[in-house]
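Please read all numbers here as calculations on a predicted model, not as lab measurements.
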Amino acid sequence: MLQGNSNNILLLCAAFQTLPMLGLCFFICFVAYCAGAGQECPKFTDLNFGNAVIGTNLKVQLLLYTRRNQNCAELLNEHNITTSTHLNVTKNIVIIIHGYRFTGSPPIWMDRIKNLLLEKEDFNIIIVDWNRGATTVNYFSAVNSAKNVVHNVKNLIDQMLENGASFDSVYMIGVSLGAHIAGFVGKAYSGKIGRITGLDPAGPLFTRNLANERLDHTDAQFVDVIHTDTDGFGFKEPLGNIDFYPNGGTDQPGCPKTIFGGSAFFKCDHQRSVFLYMSSLQQNCHITAYPCESYIDYRNGKCMSCNFKSFPCPTVGYYANKWKDHLLEKNPPMTTAYFDTSDKDPFCMYHYSLDIITWNKSTRRGFINIKIADNSGNTTESRINSDAAEFQQYRQVKILAGFPLDFGNISTIALTFSTKNTVGPKYKLRVLEMRLKSLSHPERIQLCRYDLILAENVESTFRPIPCHEMNMQDS
């Protein structure tokens, strides 16, 4: 790439008027350009499995990216940042810290998360490259190295604070072991750092640790955590001010279920936290979560009471801090939130509440399958499987539905009632009122249907009417 010195020589050349001098000058420019082209940008350390087997000693690189040098990092010196070309401490600072690296290769998500963040704002993005130290087959060694990374990150932040940065402007994103590193750094400042996001914080060797030995909600002004592998490499218990548990925090849709899925079987669930965070940076996907005591309660429709005006549901990922003010009323200020996702990037699931009032004299237990279609004939089916609902006469039953596609205008709704009994008589569910409400877009008009009979295992398709136009007319 053409370096600054070459640009200076070109400007000098323009000052000369005679052709011989111009020729000489442009020859010098050409040589300078070639020399500059040979200078490579600092890169994230690229190692391999052989390095992991041998083991690596800790060496930390601090790679700075801004909109001015988005594709060519500037290597920061933790002891002297005053000579930095691109660092501007008056702007917000994002520090990204990766985790354990079994294979030694750079994280596949690193460039993408950096670019997506820079699309949002002209941050100072600092990638903490501790691949030498994280790359080893000995996980215990990587944990020890992680604790030593804290010194490098703290020295950097100290330098920035001394030169005009504020605590509020510092935002750390830590992945796996990196989440605990961020926590240790936050503890060093008594929780004054603006925000920490933990992306599936590491569980092994941290699960039984006290708050001062792992990431904790007191480590920053706001701590949000996404748990995606609580039955594997991730941390199960809540750690932040708000802890998100997509799909219950365990098996993620689209990830291999058996060892025959190869390496993805081991890392897909763990990595999903990062990809969910990145999906929140995209314009077309803001995932809503629902504060709840458990995943079972969420799935059974017991946690749909958010009001988009006075008490909105939290948004997962980048915009999670918008929910910060709602946590001030809690003591301690901690909340768990659940949601389901689709199996493909950007993983959005669009949630609906289906409210049903039946008028059967006898109680019926069963399940409702829900499909919706738009005016173009596109259809999508709910991916959420709740427990059997109990339908009693004139009692409202709430059922949670989640669709991978978002239809702004729903043309038809199809409902199927089932008891899932293979033997015995078939039942009918007599619906007095059905109401479908979008939870992802609560400002949308609710859709209704009245006097509907659902025969067991028979799909009933109908056109709903807006609930504010209530009438008993068949549509």
Chemist: Could you walk me through whether E459 and K371 pass the side chain to side chain contact (heavy atoms under 4.5 Å, CB included) check?
Modeler: CA-CA 9 Å; E459 185 176 272; K371 292 180 182 178; 3.3 Å; yes
Chemist: Going by heavy atoms in the side chains, are I181 and V128 under 4.5 Å from each other?
Modeler: no
Chemist: Go through the steps for Y189 and F167 under the test ring-ring contact (aromatic ring centres under 6.0 Å, His included), then give the verdict.
Modeler: CA-CA 9 Å; Y189 294 105; F167 282 117; 5.5 Å; yes
Chemist: Do the side chain of T136 and the main chain of G133 share a donor and acceptor less than 3.5 angstrom apart?
Modeler: no
Chemist: Tell me whether D269 contacts the main-chain N or O of Q252 through its side chain, where contact means a donor paired with an acceptor under 3.5 Å.
Modeler: yes
Chemist: Please check this pair: side chain of E456 against backbone of T419, looking for a donor-acceptor N/O pair closer than 3.5 Å.
Modeler: yes
Chemist: Has K192 got more than 12 heavy atoms of other residues, nucleotides or ligands less than 6.0 Å from its NZ?
Modeler: no
Chemist: Is it the case that more than 12 heavy atoms not belonging to E293 sit under 6.0 Å from its CD atom?
Modeler: no
Chemist: Run the salt-bridge test on K187 and D216 with the 4.0 Å N-O cut-off and return the result as yes or no.
Modeler: no
Chemist: Contact between L239 and R214 at the side-chain level, heavy atoms closer than 4.5 Å - yes or no?
Modeler: yes
Chemist: Are any non-hydrogen side-chain atoms of K120 and V94 less than 4.5 angstrom apart?
Modeler: no
Chemist: Going through the distances and angles, do D340 and R299 end up as a salt bridge (charged side-chain N to carboxylate O under 4.0 Å, His left out)?
Modeler: CA-CA 9 Å; D340 283 296; R299 279 227 159 186; 3.0 Å; yes
Chemist: Please name the pair of heavy atoms, one in F367 and one in S386, separated by the smallest distance, quoted to 0.1 Å.
Modeler: CE2-O, 3.5 Å
Chemist: Quick one: sort the F44 and H98 rings into parallel, tilted or perpendicular, breaks at 30° and 60°.
Modeler: perpendicular
Chemist: Any chance you could measure T412, atom OG1, to F407, atom CZ, to the nearest 0.5 Å?
Modeler: 9.0 Å
Chemist: Does the pair I226 and V316 meet the rule for a side chain to side chain contact (heavy atoms under 4.5 Å, CB included), with working shown?
Modeler: CA-CA 8 Å; I226 302 177; V316 181; 3.8 Å; yes
Chemist: Exactly one of I356, T358, I357 should register a side chain to side chain contact (heavy atoms under 4.5 Å, CB included) with Q396. Which one does?
Modeler: I357
Chemist: Side chains of P201 and F206: closer than 4.5 Å at any heavy-atom pair?
Modeler: no
Chemist: Got a salt bridge between R195 and D224, using NZ or NE/NH1/NH2 to carboxylate O under 4.0 Å?
Modeler: yes
Chemist: Side chain of T103, backbone of F49: donor and acceptor closer than 3.5 Å?
Modeler: no
Chemist: Check Y352 against Y350 and note the closest heavy-atom contact, atom names and distance.
Modeler: CD1-O, 3.6 Å
Chemist: Can you check whether D231 reaches D251 side chain to side chain, under 4.5 Å on heavy atoms?
Modeler: yes
Chemist: Got a second to check how far I173's CD1 is from I196's CD1, nearest 0.5 Å?
Modeler: 11.0 Å
Chemist: Which distance, rounded to the nearest 0.5 Å, do you find between the OG of S105 and the CG of N48?
Modeler: 9.5 Å
Chemist: Evaluate side chain to side chain contact (heavy atoms under 4.5 Å, CB included) for F266 paired with F233, printing each intermediate quantity in order.
Modeler: CA-CA 9 Å; F266 299 98; F233 297 127; 4.3 Å; yes
Chemist: Can any side-chain N or O of T336 pair as donor or acceptor with the backbone N or O of C292 at less than 3.5 Å?
Modeler: yes
Chemist: Y298 and H351: side-chain donor and acceptor closer than 3.5 Å?
Modeler: yes
Chemist: Check whether any side-chain heavy atom of K91 sits under 4.5 Å from a side-chain heavy atom of E121, and report yes or no.
Modeler: no
Chemist: In terms of heavy-atom contacts, does CG of L405 have more than 12 from other residues, nucleotides or ligands at under 6.0 Å?
Modeler: yes
Chemist: Considering non-hydrogen atoms only, spot the tightest contact between G183 and L215 and give its length.
Modeler: CA-CD1, 3.7 Å
Chemist: Measuring from atom CG of L161 to atom CD1 of I93, what distance do you get when rounded to the nearest 0.5 angstrom?
Modeler: 7.5 Å
Chemist: Just checking R395: does its CZ atom have more than 12 heavy atoms from other residues, nucleotides or ligands closer to it than 6.0 angstrom?
Modeler: no
Chemist: With rounding to the nearest 0.5 Å, note down the distance linking CZ in R365 to OH in Y427.
Modeler: 13.0 Å
Chemist: Would I368 and F391 satisfy side chain to side chain contact (heavy atoms under 4.5 Å, CB included), going step by step from the backbone distance to the final call?
Modeler: CA-CA 11 Å; I368 299 287; F391 300 96; 3.8 Å; yes
Chemist: Got a donor-acceptor contact below 3.5 angstrom from the N360 side chain to the S362 backbone?
Modeler: no
Chemist: Atom CH2 of residue position W109 - does it have more than 12 heavy atoms of other residues, nucleotides or ligands inside 6.0 Å?
Modeler: yes
Chemist: Which heavy atom of F265 sits nearest to which heavy atom of K257, and what is that distance?
Modeler: CE1-O, 3.5 Å
Chemist: Does any donor atom in the side chain of D129 or T45 lie under 3.5 Å from an acceptor atom in the other side chain?
Modeler: yes
Chemist: Take a 6.0 Å sphere around NZ of K428 and say whether it holds more than 12 heavy atoms from other residues, nucleotides or ligands.
Modeler: no
Chemist: So which heavy atom on A289 is nearest to which on P291, and how close?
Modeler: O-CD, 3.8 Å
Chemist: Kindly assign one of parallel, tilted or perpendicular to the pair H180 and F184, based on the angle between their ring planes and the thresholds 30° and 60°.
Modeler: tilted
Chemist: Quick check for you: to the nearest 0.5 Å, what is the distance between M434 atom CE and L415 atom CG?
Modeler: 6.5 Å
Chemist: Got K322 and T315 here, is their nearest side-chain heavy-atom distance under 4.5 Å?
Modeler: no
Chemist: Is the closest side-chain donor-acceptor distance between T66 and D122 under 3.5 Å?
Modeler: no
Chemist: Ignoring hydrogens and angles, tell me if any N or O in the side chain of S376 forms a donor-acceptor pair with the backbone of N378 under 3.5 Å.
Modeler: no
Chemist: Closer than 3.5 angstrom, by distance alone: can the side chain of D200 be matched with the main-chain N or O of D229 as a donor-acceptor pair?
Modeler: yes
Chemist: With heavy-atom distances below 4.5 Å as the criterion, would you say the side chains of T197 and Y171 are in contact?
Modeler: yes
Chemist: Is a side-chain donor-acceptor pair under 3.5 Å present for S411 with R463?
Modeler: yes
Chemist: If we ignore hydrogens and angles and just use 3.5 Å, is the side chain of D243 paired with the main-chain N or O of V225 as donor and acceptor?
Modeler: no
Chemist: Please check if any side-chain donor atom of N409 sits under 3.5 Å from a side-chain acceptor atom of N375, or the reverse.
Modeler: no
Chemist: Search all heavy atoms of N421 against all heavy atoms of K426 and return the closest pair with its distance.
Modeler: O-NZ, 3.8 Å
Chemist: Within the distance-only criterion (no hydrogens, no angle test), does the side chain of R449 pair as donor or acceptor with the backbone N or O of L432 below 3.5 angstrom?
Modeler: no
Chemist: Assess whether side chain to side chain donor-acceptor pair (under 3.5 Å) is satisfied between T341 and N247, documenting all intermediate values.
Modeler: CA-CA 7 Å; T341 72; N247 307 293; 3.0 Å; yes
Chemist: If you count the non-hydrogen atoms of other residues, nucleotides and ligands that lie under 6.0 Å from NZ in K344, is the total more than 12?
Modeler: no
Chemist: Carefully, step by step, assess Y245 and Y338 under the rule ring-ring contact (aromatic ring centres under 6.0 Å, His included).
Modeler: CA-CA 5 Å; Y245 290 86; Y338 298 86; 5.4 Å; yes
